[in-house]
Number of protein chains: 2
Amino acid sequence: MDLFLSTFEHRIDKKGRLSVPAPFRSVLERRRDPLYLFKSLTEPCLEGCGPERIGQIVDAIDAMDSLSAEVATLHTMLSSAQEMKLDAEGRIMLNADFIAFAELDDAALYAGIGRSFQIWLPDRYRSREAEARARAKTTGLPSLRLGRTHQPPAENGGS
Amino acid sequence: MDLFLSTFEHRIDKKGRLSVPAPFRSVLERRRDPLYLFKSLTEPCLEGCGPERIGQIVDAIDAMDSLSAEVATLHTMLSSAQEMKLDAEGRIMLNADFIAFAELDDAALYAGIGRSFQIWLPDRYRSREAEARARAKTTGLPSLRLGRTHQPPAENGGS
DNA sequence: TGGGATATTATGGGATATCATGGGAACTTA
DNA sequence: TAAGTTCCCATGATATCCCATAATATCCCA
């Protein structure tokens, strides 16, 4: 399974173009997947994914009560989603809405998180990362102590 | 699967003409589908789709108790539906009924929601989107974990 | 194992095509 | 005939294509 991993910081040029990191591109090319971006529902960043995720949302909507608030939430995801076309150099063009939402200016940081990746304002990402590590030290310790049964973050032995 | 995604804001000119976003047009052209518009049942907006969606509604009606109130509701969708002809530049003309129903004046916002799209008064759409995002932050994501393990709001499985 | 040759990558800029939009003129229809 | 609509063309903005370049990574062969 090939995954989106590591972080990359790239410049956004005057025309609004942004290179997709070569390792991410080769993951997509290997699967012949187009790239979709959408605005995160929970954080000030963009999310990148393949078509499977988009198809899931579409199918979930069709299966749901169209009057529910959940459908409205899913509509929001779809109406912010966009298939990104890469130019010959592997760049995408971010529209004004995307740039404003993630508050980007002249640079963007890609953070690979496995099956998907995020695009952040670089400084904001770094401070969030620092916060996350600090949080892990305080709130992570107690949960490690009582851990024995069904724990999501429990894999190979313990580390 | 080509879908209607993303949002586009276009002007309605003095003659009442409105451009259909080029990406939406190319979805329809690829399928050689005409475009249908009808008044939404649930919101003050117009819905746009191809003929297969209209067919689904017709089939749903045929499968229901023809005396039920739901059938009467679905009839409303069909009777407001209209095949839109595009001019050479890819524009449609909205009739007065459509404009009044969605309360449009000199601009319209297209919101792609997968197999169909909506047309909104731009400001109204944006406030609804803000509400939906606020709701998503507190309530969380609708259940999208079809079969898989629960994941953060993006993933990218192989296809 | 070096170290030059080659390929890849990120980035920039000019030229070209596409798109949204506007307006005039011909046409339809009531 | 008058109002509205359709056809056609013009235009500015913007996205896309194509090429250039510098920096880095990879390859290759002695």
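Per chain, numbering begins at 1; letters A, B, ... match sequence-line order.
Applying the 4.0 Å criterion to OP1 and OP2 of C/dG12, one finds that A/Lys14 has every side-chain N and O outside that range.
Looking at the side chain of A/Ala22, the nearest of the listed nucleotides C/dG24, C/dA10, C/dG12 is C/dA10.
Residue order along DNA chain C, read from the 5' end via each residue's closest nucleotide, puts A/His10 first among A/His10 and B/Gly90.
Between the side chain of B/Glu89 and the base of D/dC9 there is at least one donor-acceptor pair of N/O atoms closer than 3.5 Å. A donor N or O paired with an acceptor N or O is not found under 3.5 Å between the base of C/dT21 and the side-chain atoms of B/Lys15. For C/dG23, the base has a donor-acceptor partner in the side chain of B/Arg17 [N/O atoms by modelled type, under 3.5 angstrom].
As a whole-Å value, the separation of A/Met93 CE from D/dA13 C1' is 12 Å. In this structure, the CZ atom of A/Arg91 is 11 Å from the P atom of C/dA10, given to the nearest Å. Nucleotide D/dA15 holds its C1' atom 16 Å from the CG atom of A/Leu18, rounded to whole Å. Between B/Leu86 atom CG and D/dT6 atom P the separation is 12 Å, expressed in whole Å. Per the geometry, CZ belonging to A/Phe24 stands 11 Å off P belonging to C/dA10, to the nearest Å. Atom C1' of nucleotide D/dA22 and atom CZ of A/Arg11 are separated by 15 Å, given to the nearest angstrom. For the pair A/Ile12 CD1 and D/dA15 C1', the computed distance is 16 Å after rounding to whole Å. Computed from coordinates, the B/Ile92 CD1 to D/dT6 P distance equals 12 Å when rounded to whole Å.
Looking at A/Glu43 and A/Arg128, a side-chain N of the basic residue comes within less than 4.0 Å of a carboxylate O on the acidic one, giving a salt bridge. With respect to A/Asp106 and A/Lys14, no salt bridge is recorded, no charged nitrogen being found less than 4.0 Å from a carboxylate O.
For A/Tyr110 and A/Phe8, the gap between ring centers reaches or exceeds 6.0 Å. The six-membered or imidazole ring of B/Phe38 lies away from that of B/Phe98, with a centre-to-centre distance of 6.0 Å or more.
The base-pairing partner of D/dC29, taking Watson-Crick or G-U wobble contacts with both distances under 3.5 Å, is C/dG2. Remark: C/dG24 base-pairs with D/dC7; criterion is Watson-Crick or G-U wobble with both hydrogen-bond distances under 3.5 Å.
At the heavy-atom level, A/Asp87 lies nowhere under 4.0 Å from the strands shown.
Within a 6.0 Å sphere centred on CD of B/Glu70, other residues, nucleotides and ligands contribute 12 heavy atoms or fewer.
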